[in-house]
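All values below were derived from every heavy atom in this structure, side-chain atoms included, with hydrogens, water molecules and symmetry-related copies excluded. Order of the sequence lines sets the chain letters (A, B, ...), proteins ahead of strands, with each chain counted from 1.
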Amino acid sequence: MAAPFNHRAVEEKWRKNWEAKPVNVNDGKKPKYYCLDMFPYPSGNGLHVGHWRGYVISDVWSRYKLMQGYYIIHPMGWDAFGLPAENYAIKMGVHPAKSTAANVANIKKQINDIAALYDWDMEVNTTDPEFYKWTQWIFVKMFKEGLAYEKEFPINWCPSCKTGLANEEVVNGCCERCGATVTKKNLRQWMLKITAYAERLLKDLEKLDWPEKVKKMQSDWIGKSYGAEVDFPVEGREEKITVYTTRPDTLYGATFMVLAPEHKLAASLATEETKEAVDKYIFDASVKSNVDRLQDKEKTGVFTGTYAINPLNGARVPIWLSDYVLADYGTGAIMCVPAHDDRDFEFATKFNIPIIQVIAKDGKEIENMTEAYTEASGVMINSGEWNGMESAVLKKEAPLMIEKRGLGRKTVNYKLRDWVFSRQRYWGEPIPIIHCPHCGNVPVPEEELPLRLPEVESYQPTGTGESPLAAIDEWVNTTCPVCGAPAKRETNTMPQWAGSSWYFLRYVDNHNSQELVSREKADKYLPVDMYIGGVEHAVLHLLYSRFYTKFLHDIGAVDFDEPFTKLFNQGMITGKNGIKMSKSKGNVVSPDDLIRDYGCDALRMYELFVGPPELDAEWDDRGIEGVARFLKRFWNLVLDNKDSGVKETKESLKLRHQMVHDITTRLDAFSLNTVISGFMESNNKLIDLAKKQGGMDKETLETAVTLLAPFAPHISEELWEQLGHEETVFAHGWPKADAESMKDEEKEIAVQINGKTRAVVNISVNATKEEAIAAGKAAVADRLEGNLVKEIYVPGRIINLVVK
RNA sequence: GCAGGAGUGGCGGAAUGGCAGACGCAUCAGACUCAAAAUCUGACGUAGGUGACUAUGUGUGGGUUCAAGUCCCAUCUCCUGCACCA
C-alpha cells in the first residue's frame, strides 16, 4: 500500500520546485498564447472563493495550452485607483498609496495560493507613475487628435455634499453618502469622443469570439438606428427646427412637435401669453433628477404658443415642450405621430391633440383608436402622394425622397454618448492639461509625463465641486508650455476606467520607459487570445478597451484593432440562497481554511465542479469532500498499481482513449464541471478494472496523470515523478485519443416496442440491420403482439419495433 | 414594456432527437471496529408489488416524430440586461 496522500507536503514540495524551475518558459520558438484575467481592485477585504473561480478557470486553460505547446502569457496586476482607498483616506488620513500597497501585498499572497502560472515579472499597477505616465500619454494623444474635449455639461449634483457625483454614485435618485436628493448642475467636464468610433465598435463585434449576450449588450448600447432628419419651418420666424425620426413614412400623421426643455430654442418659442408657463416648465425640468424624469408615470408638457409647418403638406403643427424628449439624442426635437407611437399617443390623448392615422391596420382605418398602431406594416392612407404605398417599403425609401426634395436628409443615429471622463476626485490620474489665458487648453509636453499626483493635506472635496487638487496653489499655478505665461493646471482626475482600458498592452513590456509598448513586443505577444472575467463589465470596461485599442491602432502604436479575441464570462459564486458574498452579510467563504484542510488541488477542482462555469453557483463547503475523496483514490490507484507489471489490455486501452477523448472534448467546449465528473467516472472505472485485472498498465496511469495536470498540478507532478519521470509533467504533450482504440466490438442496445424499452441486447457493431432486428425480436418475442408495421434500427443507438 | 437566459430527484447538476437522472453532496443499510472517524460495498424520482417487474415522470397545455428534457406553437414562473433613444 502506498503512503496516504498528504496534500500539504506534496503542495509545499512542488511550489518550491516550480519556483526553482518554472514550467512555462519562453524559448523564442513556441507560439504564444495570451490568457488574461480581468485584473482586480486591491480591496482591503481580500479574496474569497468567488474570486478564485475566474483565476482557476484561466489557469486551467493556460496550463492546457501550455501542454499543447504554447508559451503562455499569463500576467496579473492591479487596478488600484478608486474610491474605497480615497474614502479610507478621508476617514483615517492614510494616504491611498499606502493603504493600496498594503492591500496589494496581501492579495498577492492570497493569489499565490492558487498556484497559477502568473508571471510576476510582468506585473503592472495603474497607480504607479511609470504606468500612468502612459495613461496620460494616451489622453494627450487623444487631445491632439481632437478626441478629448471640454464641455459644459449638466451632471449629477449633491446640494448637501456640494459635489458632483458619477452615475454610479446616485442610488435611487439620492446621494449614496448623505441621502440627499441629487439634482443637476452644469459643470465643465472633459469628454472623450467615443462616438467617433461608434460605427467601428458596432461593426467589429462581428469578428469577435465573444458570448452572444455580451455582443448584444454592446450593440444595444451603441444603439444604431436608421432614419431621417426633417426640417420644419417655424411660423413667423427665420429659423427651422430639425427633428430626427426613424419613421419618416408617418410624416403626414405628424400633428404636433415636442422639444426637450433643454433645447436651445425652447425658451424663445414662447409667446407673451405662454412665457410664464414655459419658463417655469424649463426651470422645473432643469432641477428634476434623471430618476424622477424616468419614473414620472404621466407625461407632462407645455404648449409654447408657436407653430411649425409640416414641410410635406404645409400643415400647422403646434410646438410643445416636454421632458419625455431627450435633449442629447438625435436633435432634441421630435415630430409626433400619435396614431403610430405609444408615447405620442399618450401625450396627444392627455392634451387633446388630433390623431391622424396614416397606416391602415388590417386594410382599414381604426375607429375610436385606444392605442397607437406601431407596426410598420400596412398601406399608407391620409398621406397625399404616398397613399397606397406599403409602409415598410416607404419607411426605407422616405429618407432619400425627403432629401431629394430638400426637406431634410437621410441619417443614422447612435444611442452611444461621449464619455464623461473627468472626476472631481483625488485618487486618480491627473488630467495632463494646462489652461492658458492666451493659448487655451495646452497639453503637458509628452517629455514631462508623468504628471505626478501631488500630496494633499485633505482628501476631502473642496466644497465647490472641484477636485481636492484645486486647493494646492503651488501645484495648480504653473506656466504655459507654449507661451510661458502664468497658467493653471487642470484639477480634475481621470475615472477608474482609464488605466483598465489599456493595461493588457503594458504587461508584455512593462519596464519600457520610451514607449507604451514596443512595436516588436506588441506584434509578437499581442493581442489577448483569451480574456476571462465577470459579465459586469460587458459594456463599460470592454467597450472602453475596444475604443482605446482602436485609437492606438489608428495612431500606429499597435497593428491590431481589437484587444480581446476570445472572451469568457464566468458566473458569480454566491452564498446560500444566491445571496452575494459580502462582509456585511457575513456569508463570505475564505479559501484559507479549505486549502489547509483539503489542499489547493482539491479547491481548484471543486471551484470547477460546483457548476457550469458560465452560470452563478451557490457555494456549499460540503461538496469539496467529493473531490478530496477523488484525489485520494486517484493517488492510491496510481501508486498501488504503478509497479503491478500488468500489461496493456484491450479494455484498458479502450478506457484510456475514451478518457482522453471525453476530457479533451469537454475541455474544448469549456464544460469544466463535466470535465471533473469525467475524471471521477474514469477513476471509478479504472479502479474497478485494476481490481479485476490485478493491476493496471503504466501507460494508462501516466495518461490519466497527464490529463489531470492542468486541474490538480501538485498531485499530478508528484505522481508523475513517482512514475519515474524527471522532467515536469507540463513538458509532456497533451494526449491524443485514437478513435480505433475506443471502438467497441459489441454494444448494448435498447429494444423498444412503440418507443418503450422492453429489453436490452448486446449487438456487434458490425451487425447488419437484419441481424440487429432479428436479435431484437428474439429478445422481446413474448411481448410482440399484433402487426409489425415498422422496424427501426439506428446502429449503436436503438431498435424500435412499431406494432399495431 | 423590450431583449436575452433558465425551469430535470432532498440538493448541485448530466444527457450529438435514441434506455432521463451520469458525476457528486446529503440520507439509509451492510462490512471493518470494543466504539467512533476514515475507508469499502450496496440502496436511493414517485406510486403499486415479497419479487423479477408494472405504471408514471424533465414548470403547464397542445403539436411534429417510430422515438421529445431536447424540435415547433401557446402559456406560467424566475433571473439578467436595457428602459420615454422618437
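Within the 4.0 Å cut-off from OP1 or OP2 of B:U65, not a single side-chain nitrogen or oxygen of A:N800 is found. Residue A:Y324 has no polar side-chain atom (N or O) positioned under 4.0 Å from OP1 or OP2 of B:A86. Look at A:R629 and you'll find a side-chain N or O under 4.0 angstrom from OP1 or OP2 of B:U39. Under 4.0 angstrom from either OP1 or OP2 of B:U41 there lies at least one side-chain N or O belonging to A:K691.
Shown here, B:U64 forms no base pair; nothing in the strands shown gives a Watson-Crick or G-U wobble contact with both key distances under 3.5 Å. With a cut-off of 3.5 Å on both pairing distances, the Watson-Crick or G-U wobble partner of B:A55 is B:U46. Nucleotide B:U77: paired with B:A6 (Watson-Crick or G-U wobble, both distances less than 3.5 Å). When both distances must be under 3.5 Å, the Watson-Crick or G-U wobble mate of B:A22 does not exist.
For the pair A:D231 and A:R409, the salt-bridge criterion is met [side-chain N within less than 4.0 Å of a carboxylate O].
Put simply, CG on A:L542 is 15 Å from P on B:G81, counting in whole angstrom units.
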- Could you please spell out the steps behind the side chain to side chain contact (heavy atoms under 4.5 Å, CB included) verdict for A:I799 and A:Q752? CA-CA 6 Å; A:I799 292 170; A:Q752 300 182 333; over 6 Å; no
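In the set B:A86, B:G24, B:C66, the nucleotide with an atom closest to the side chain of A:K790 is B:C66. Side-chain proximity of A:M680 to B:A86, B:G24, B:U56: nearest is B:G24.
Mapped onto RNA chain B by nearest heavy atom, A:G223 and A:K213 fall at different nucleotides, with A:K213 at the one closer to the 5' end.
For A:F351, the ring pair (Phe, Tyr, Trp, His ring centres under 6.0 Å) test picks out A:W320, A:F347, with sequence neighbours left out.
Applying the 3.5 Å distance criterion, the base of B:C19 shares no donor-acceptor pair with the side chain of A:K756.
Within 4.0 Å (heavy atoms only), A:D328 reaches no atom of the nucleic acid at all. Using a 4.0 Å heavy-atom distance criterion, A:V794 is classed as a base contact. Looking at heavy-atom distances under 4.0 Å, A:K216 makes contact with sugar-phosphate atoms alone, never a base. A:E212 comes within 4.0 angstrom of no nucleic acid atom, judged by non-hydrogen atoms across all strands.
One side chain, A:S225 or A:Y244, offers a donor N or O that lies under 3.5 Å from an acceptor on the other. Judged by distance alone, the side chains of A:D616 and A:T574 never bring a donor and an acceptor atom under 3.5 Å apart.
In summary, the aromatic rings of A:Y414 and A:W221 are positioned with their centroids too far apart to meet the 6.0 Å limit.
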- Query: How does protein reach along nucleotides 8-14 of chain B, written 5' to 3' as B (base within reach of a heavy atom under 4.0 Å), S (only sugar-phosphate), or - (no contact)?
  - Reply: ----BSS
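Between A:F679 and A:F711, the ring planes are perpendicular. Angles over 60° get that label, and only those under 30° would be called parallel.
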